*Asks:* 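My questions will all concern the structure given below.
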Amino acid sequence: MVDELLRAALLALVQGLTEFLPISSSAHLILPAQLLGWPDQGVAFDVAVHLGSLAAVLAYFYRDCLALVSGSFRALRSGALNADARMALYLLIGTLPVVMAGLLLKDLISDQLRSVPVIASTTILFGILLWLADRRRGESALGFAAAFWIGCAQVLALLPGTSRSGITMTAGLFLGLNREQAVRFSFLLSIPVILAASGLTVLDALASPAGLAPGPLLLGMAVSGVTAYLTIHWFIAWVNRIGFLPFVVYRCMLGTLLWIIWFAA
């Protein structure tokens, strides 16, 4: 039981750190299995750690979430869009492509693309794209077209190793958003996406109810939530100062390590 708790805590820590940083959580979660031979924790644990991440982003952006809801209701009553209702529409537009693609491609991705070579390649490739995007100095405003294209780019996050936050930030930067705009929209966009993904995973968990005991699940949720909250806070505070280059270098090193592990196996 102690080993199970330690594994749950470590994997949840990794999940919380990597869910919102542009470095790919799937690339990191495959490492314990490859290096330590740990078994898959199962869909129930996956649900738990993602709910922890969801709670973190909701807690951090709770004022924004309340404004989005109240602004949407005001728009419905008045028949005129306000800034908050417009942002809610941007999030809806940005969410639809990945939800539809996830429903259509879920089995293909989980069965055939979750391999070390795929994850190593996407980790490096999308890291380089992030570096190229960060070299731009755009000051464009977020609009319906940008929200749509960011949502389309988010479909690429279904490829393991891409990083959902990384590809949405990359798309935002390429479309002319500054770092602060790209990061904020990416984090807000994670709320409906994680909610939708967790809902689908819950259905899988109900279909295959075997899983961990409640202790590791609750521990995983708590560790993931606290770690994700601190990661969001740190990243927002520092990204304008440090840029994305450290994450690009890290992704390239991680992808190279995965290739070395795969060739040595």
Side-chain angles (χ1 to χ4, degrees), residues 11-32 34 46 49-50 52-54 56-57 94-95 97-99 101-102 105-106 109-110 113-135 149-175 177 179 181-194 196-198 201 224 227-228 231-232 234-236 238-239 242-259:
L11 291 174
L13 180 66
V14 172
Q15 168 68 27
L17 280 171
T18 59
E19 178 69 32
F20 297 106
L21 294 180
I23 55 177
S24 173
S25 59
S26 57
H28 289 79
L29 291 173
I30 199 174
L31 281 174
Q34 293 293 320
D46 195 37
V49 294
H50 277 87
S53 299
L54 178 62
V57 71
T95 302
V98 73
V99 170
L105 303 175
K106 175 176 172 290
I109 291 167
S110 60
L113 297 181
R114 196 172 180 82
S115 65
V116 174
V118 169
I119 293 175
S121 300
T122 52
T123 298
I124 295 172
L125 173 62
F126 289 106
I128 294 171
L129 286 177
L130 177 60
W131 172 67
L132 292 174
D134 193 37
R135 297 181 69 187
W149 288 116
I150 292 172
C152 290
Q154 189 172 218
V155 173
L156 294 172
L158 295 172
L159 291 172
T162 300
S163 170
R164 190 214 62 82
S165 59
I167 194 61
T168 51
M169 292 175 195
T170 298
L173 292 169
F174 269 128
L175 289 165
L177 303 185
R179 288 172 180 166
Q181 290 173 314
V183 169
R184 182 174 180 271
F185 187 67
S186 173
F187 284 160
L188 289 174
L189 193 58
S190 73
I191 295 173
V193 171
I194 295 176
S198 298
T201 312
S224 174
T227 307
T231 300
I232 293 169
W234 173 83
F235 186 72
I236 289 176
W238 283 90
V239 69
I242 66 175
F244 289 96
L245 183 58
F247 303 101
V248 172
V249 172
Y250 179 80
R251 286 184 68 117
C252 291
M253 293 173 61
L254 176 61
T256 303
L257 175 61
L258 289 173
W259 272 118

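Not measured: the values here are computed from a predicted model.
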*Asks:* Give me the atom names and distance for the closest heavy-atom approach of Pro97 to Gly151.
*Replies:*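 Pro97 and Gly151 have their closest heavy atoms at CB-O, 3.6 Å.
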
*Asks:* In chain order, what residues pass the side-chain contact (heavy atoms from CB on, under 4.5 Å) check against Thr95, with sequence neighbours excluded?
*Replies:* Val99, Leu189, Pro192, Val193

*Asks:* Under 6.0 Å from the CH2 atom of Trp238, do we count more than 12 heavy atoms belonging to anything else shown?
*Replies:* no

*Asks:* Run Leu175 and Ile150 through side chain to side chain contact (heavy atoms under 4.5 Å, CB included) and show every step you take.
*Replies:* CA-CA 8 Å; Leu175 289 165; Ile150 292 172; 3.7 Å; yes

*Asks:* Checking Ser165 now: which residues fulfil side-chain hydrogen bond (donor to acceptor under 3.5 Å, both in side chains) with it, not counting sequence neighbours?
*Replies:*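 Residues passing side-chain hydrogen bond (donor to acceptor under 3.5 Å, both in side chains) with Ser165: Ser163.
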
*Asks:* Under the side-chain hydrogen bond (donor to acceptor under 3.5 Å, both in side chains) definition, can you give me all pairs with a residue in residues 248-259, not counting sequence neighbours?
*Replies:* His28-Tyr250

*Asks:* CG of Leu130 to CD1 of Ile23: how many Å apart, nearest 0.5 Å?
*Replies:* 11.5 Å

*Asks:* For the residue pair Leu258 and Ala120, what are the closest heavy atoms and their distance?
*Replies:* CB-CB, 3.7 Å

*Asks:* Are Phe247 and Phe235 packed together at the side-chain level, in the sense that at least one heavy-atom pair is separated by less than 4.5 angstrom?
*Replies:* yes

*Asks:* Going by the rule side-chain contact (heavy atoms from CB on, under 4.5 Å), which residues pair with Ile236 if we only count those two or more places apart in sequence or in a different chain?
*Replies:*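 Result, side-chain contact (heavy atoms from CB on, under 4.5 Å) vs Ile236: Tyr60, Phe61, Val183, Phe187, Ile232.
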
*Asks:* Among residues at least two apart in sequence or on other chains, which ones pass side-chain hydrogen bond (donor to acceptor under 3.5 Å, both in side chains) with Ser25?
*Replies:*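 With neighbours one apart ignored, the set is empty.
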
*Asks:* Just how far is it from atom CD1 of Ile124 to atom CD1 of Ile119, taken to the nearest 0.5 Å?
*Replies:*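 Nearest 0.5 Å value for the CD1-CD1 distance: 12.5 Å.
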
*Asks:* Hey, what do you get for CZ (Phe185) to CE (Met169), rounding to the nearest 0.5 Å?
*Replies:*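 Output value for this atom pair is 12.0 Å.
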
*Asks:* Sub-3.5 Å donor-acceptor pair from the side chain of Gln154 to the main-chain atoms of Arg164, do we have one?
*Replies:* no

*Asks:* Would you please name every residue forming a side-chain hydrogen bond (donor to acceptor under 3.5 Å, both in side chains) with Ser224, sequence neighbours left out?
*Replies:* Ser53

*Asks:* Could you state the interatomic distance from CD (Glu19) to OG (Ser24), rounded to the nearest 0.5 Å?
*Replies:* 10.0 Å

*Asks:* Answer yes or no: is there a side-chain heavy-atom contact under 4.5 Å between Thr122 and Leu156?
*Replies:*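 With C-beta onward as the side chain, the pair stays apart.
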
*Asks:* So which heavy atom on Ser190 is nearest to which on Val57, and how close?
*Replies:*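 Distance-wise, the nearest heavy atoms are OG-CG2, 3.7 Å.
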
*Asks:* Just how far is it from atom SG of Cys152 to atom CD1 of Ile167, taken to the nearest 0.5 Å?
*Replies:*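 The distance works out to 11.5 Å.
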
*Asks:* Supply the atom-to-atom distance Leu21 CG to Phe244 CZ, rounded to the nearest 0.5 angstrom.
*Replies:*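 Reported value, rounded in 0.5 Å steps: 10.0 Å.
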
*Asks:* Looking at side-chain heavy atoms only, is the closest gap between Val14 and Leu11 below 4.5 Å?
*Replies:*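 They are not in contact (no side-chain heavy atoms under 4.5 Å apart), so the answer is no.
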
